[in-house]
There are 2 protein chains.
Amino acid sequence: MELTIAQSVLAELIETAKNGISTKPVDPILGSLLIEASDSGKLTVIGTDLNVSIKTDSVANIKQAGTVALNAKLLADTVNNLSGELDIEVSDRSCIISHSTGKCRIVGGNAEDFPSIPETENPTVISIPSKKLQAALLSCLYCSSTDETKLVLTGVHFQLQGENWSCASTDGHRLAFVSSKLEVSYEPLSFTVPRRSLIELEKILSNAAQSSSCTLKVGKNTIQFILPNAELTSRLLEGQFPNINSFIPRSFANEIVVERKGMEIILKRISHFAEKKHKIVKILWEVNDQQATLMTGNTDIGDAVDSLLIKTQTSVGENIGIGLNSGYLQEALKHISTDEIVFRFNKPLQPVIISPVGGLLDQLTLVMPVDVQDFNKPQQLQDTSKPDTEAVAENSAEAEHVSDETINREDKSTSDTPATNKPKSRKRKQEAKLKPELETTTV
Amino acid sequence: MELTIAQSVLAELIETAKNGISTKPVDPILGSLLIEASDSGKLTVIGTDLNVSIKTDSVANIKQAGTVALNAKLLADTVNNLSGELDIEVSDRSCIISHSTGKCRIVGGNAEDFPSIPETENPTVISIPSKKLQAALLSCLYCSSTDETKLVLTGVHFQLQGENWSCASTDGHRLAFVSSKLEVSYEPLSFTVPRRSLIELEKILSNAAQSSSCTLKVGKNTIQFILPNAELTSRLLEGQFPNINSFIPRSFANEIVVERKGMEIILKRISHFAEKKHKIVKILWEVNDQQATLMTGNTDIGDAVDSLLIKTQTSVGENIGIGLNSGYLQEALKHISTDEIVFRFNKPLQPVIISPVGGLLDQLTLVMPVDVQDFNKPQQLQDTSKPDTEAVAENSAEAEHVSDETINREDKSTSDTPATNKPKSRKRKQEAKLKPELETTTV
């Protein structure tokens with residue numbers, strides 16, 4: 001094997017393919033990249049952890065074809081510190097890289113030992129604009145479970161039906177859902193791709209041309225994502241993915257628009273005070289005063305209260321207090337790119353839907369509220385009154401007053417539900433899981 | 001306690017004082033900052049880990065004086081996410097911070113429990129320009145030992161004599177030494193300051209005004225570094241610091257100047273190939289060809305050879321091969337800020353001195369060489385010959401040839417030394433320690 005290639009080109013091939021490799025390879029060969037120089041003048045670099053494989057290629061001045069497996073880290077560390085034109089020569093596993101001022105020799109592994117990438121048999125072929133696919137992944141990946149025991153929930157679920165295409169993910173406490181239209185119509189098809197594979201795909205898509213499309217070849221157990229000069233192959237996850245649509249309410253009594261940045265800043269500010277275990281922040285929607293007041297419970301380290309303006313709202317009348325996990329709320333906001341966001345919800349203990357106002361895709365995050373019946377009030381924050389904060393003080397005072405009503409009203413409503421549900425509703429704060437919540441709220 | 005202060009001012013006070021606190025406080029009160037509001041209109045913030053204390057202050061609009069101890073992390077996380085004017089009010093340990101849109105309440109600790117900062121009794125007072133002191137710390141700190149069992153070596157040793165002032169540090173394998181002149185003359189004085197204290201002092205100095213001076217108040221067991229609005233108090237290390245001067249050769253047969261960046265790039269490039277344990281890189285000074293060739297030994301992962309131009313040199317004649325720990329060499333270069341550096345040395349097994357050409361202070365790093373008698377040659381890098389790398393190939397070929405001579409010659413010279421030294425010199429590669437090296441080389 002003998003070739004000449006520009007350092008920048010080789011470095012990019014290595015960087016991309018390296019993402020296919022596990023951080024802790026179980027076998028030296030899985031810590032290597034397979035380098036293939038073909039007579040057709042194409043240099044291919046492949047990295048894999050057996051679950052996902054990334055293959056990337058470029059034209060190179062190939063004098064003699066060949067194959068070698070080289071330790072990915074050593075190769076990257078070496079090439080990243082070189083520059084200019086590189087002459088690469090491989091003779092019996094020993095790869096010598098010559099550059100303007102010196103040479104490096106990397107002892108390679110046996111290319112025959114490198115695992116072969118699984119073929120996708122008689123696949124369904126779909127084409128999705130790269131940037132839309134990337135946006136979908138960014139909006140869904142963070143809600144997929146990182147707990148390997150959750151099997152199918154560790155992936156993102158793709159669904160095609162006619163001209164509609166959607167992605168969904170859930171970890172049991174929250175879910176993300178995005179949908180968009182395709183240019184052509186497809187037979188109904190659904191499959192679940194592992195989180196880790198899609199994290200790597202997102203990196204590849206981030207470098208893809210604005211106008212490019214990603215071709216999906218969907219097989220029974222594997223899927224290929226094909227882009228110009230890069231190809232990711234992944235196994236598919238088995239098992240029935242939960243029916244996301246059944247969790248998402250159809251209609252909402254309240255639709256409230258606020259500025260994303262403003263709420264992000266407040267959450268960053270007060271969430272340090274939220275008690276560690278459930279990180280509960282209570283949002284009091286003061287629809288009459290057109291403001292939202294966020295507060296944490298009274299803990300031994302302290303508490304906080306803060307408020308921001310409501311830009312638009314569909315409802316007036318009683319204030320509504322909703323308890324949410326501030327971590328989930330912050331993550332939901334972090335994965336929305338528009339300036340304004342809309343909160344959609346019905347009653348305090350029913351799902352809260354957070355969506356961008358506008359944006360590239362139809363996107364939503366569903367977060368389950370936490371029961372704030374025994375939410376301790378930040379009383380001491382209402383004693384002092386400074387001119388510029390009087391409003392807030394009053395709000396939080398009113399907040400407690402009204403939210404109690406809200407909660408009592410809520411109690412009545414839930415008390416209509418079968419007594420068997422009561423224990424569940426009591427257990428809510430311990431586990432704000434998707435299922436039990438929905439059981440108790442869809443009566 | 002009641003006051004008004006700009007968020008930016010308070011945030012800076014907290015950030016500075018926080019550096020005095022341990023990352024793992026043994027006691028909650030040591031994880032707190034002491035906030036003192038005085039009737040004189042000064043707000044003081046203090047953080048300590050008992051070994052080092054940082055005290056910083058600013059003017060504030062103080063309505064009522066008082067003291068409180070607040071958890072440093074929670075306070076910083078809170079204040080860093082606020083903006084504008086802050087109203088702070090403390091009543092029985094509970095600190096309420098009011099801002100334009102809300103309030104936070106932090107429950108404080110008991111100010112009485114906060115440790116008092118040790119006084120420095122009848123101190124010697126010295127004044128050093130802030131930026132010179134900072135440069136001295138940056139040049140010395142990295143050579144001080146991180147091994148707590150090495151006691152006095154975990155500090156930087158200050159020495160004053162007449163108008164001369166110097167700092168020195170060593171971990172037993174290498175040493176750093178800087179010296180400069182003072183404006184006034186002082187009685188002989190020397191003391192050793194713990195590494196950790198000086199790391200924090202360097203941060204404070206980096207924010208000090210270009211023209212400012214740092215006042216040192218040196219006592220028996222403690223030292224104070226006083227800057228406008230910031231004061232660091234540290235305990236001093238006990239024990240006799242090694243006599244650095246005795247290690248530094250007086251005259252040098254070779255003085256060779258190279259470009260710092262060029263050598264840094266090469267080291268970064270080839271050090272991945274240096275065998276893990278001793279990280280040996282061999283520099284072959286090819287004084288006749290005015291170039292330096294760096295190479296790693298032949299290991300099972302591979303090897304590398306690279307070369308750069310010598311800018312100026314004092315000697316001609318035979319090439320000299322010196323083995324050095326590439327990690328030490330890289331660190332030495334990293335802590336020099338000038339474009340050119342000078343290597344000073346005599347024989348291959350004697351200390352190598354690396355200094356900046358020019359710079360703010362007289363600065364040097366001494367690194368002990370490693371014996372490269374059984375250094376495996378990167379033979380396979382000499383077989384192939386590309387036009388642009390022919391030079392390098394030849395060089396490294398010649399390199400080995402000549403360096404062998406050098407080493408044999410060196411053997412003869414050491415064979416004149418008492419037989420008792422032999423074992424030491426054999427053990428060299430295992431431990432390139434300062435002392436044994438000097439014993440064998442100063443015969």
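Quick note: numbers below take in every heavy atom, side chains included, and nothing from hydrogens, waters or symmetry partners.
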Quick one: which of Thr78(B), Ile266(B), Leu294(B) has the most heavy-atom pairs under 4.5 Å with chain A, could you say? Thr78(B)

Could you check which of Ile106(B), Ile265(B), Leu308(B) has the highest count of heavy-atom pairs closer than 4.5 Å to chain A?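 Highest number of heavy-atom pairs under 4.5 Å: Ile106(B).
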
If you round to the nearest 0.5 Å, how far is [atom2] of [Y] from [atom1] of [X]?
X: Leu82(B); Y: Asp306(A); atom1: CG; atom2: CG; result: 8.0 Å
X: Thr299(A); Y: Arg105(B); atom1: OG1; atom2: CZ; result: 7.5 Å
X: Glu264(A); Y: Asn81(B); atom1: CD; atom2: CG; result: 11.5 Å
X: Ile301(B); Y: Leu70(A); atom1: CD1; atom2: CG; result: 12.0 Å

Measuring heavy-atom distances to chain B, does [X] have an atom under 4.5 Å in its side chain, in its backbone, in both, or in neither?
X: Leu74(A); value: side chain
X: Ser91(A); value: neither
X: Asp300(A); value: backbone

Among Asp77(A), Asn80(A), Thr101(A), find the residue that satisfies the side-chain contact (heavy atoms from CB on, under 4.5 Å) test when tested with Arg269(B).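 Among the candidates, only Thr101(A) passes.
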
Within a radius of less than 6.0 Å around NZ of Lys63(B), do more than 12 heavy atoms belonging to other residues, nucleotides or ligands occur? yes

Heavy-atom count check: over 12 atoms from other residues, nucleotides or ligands less than 6.0 Å from Asp27(A) CG? yes

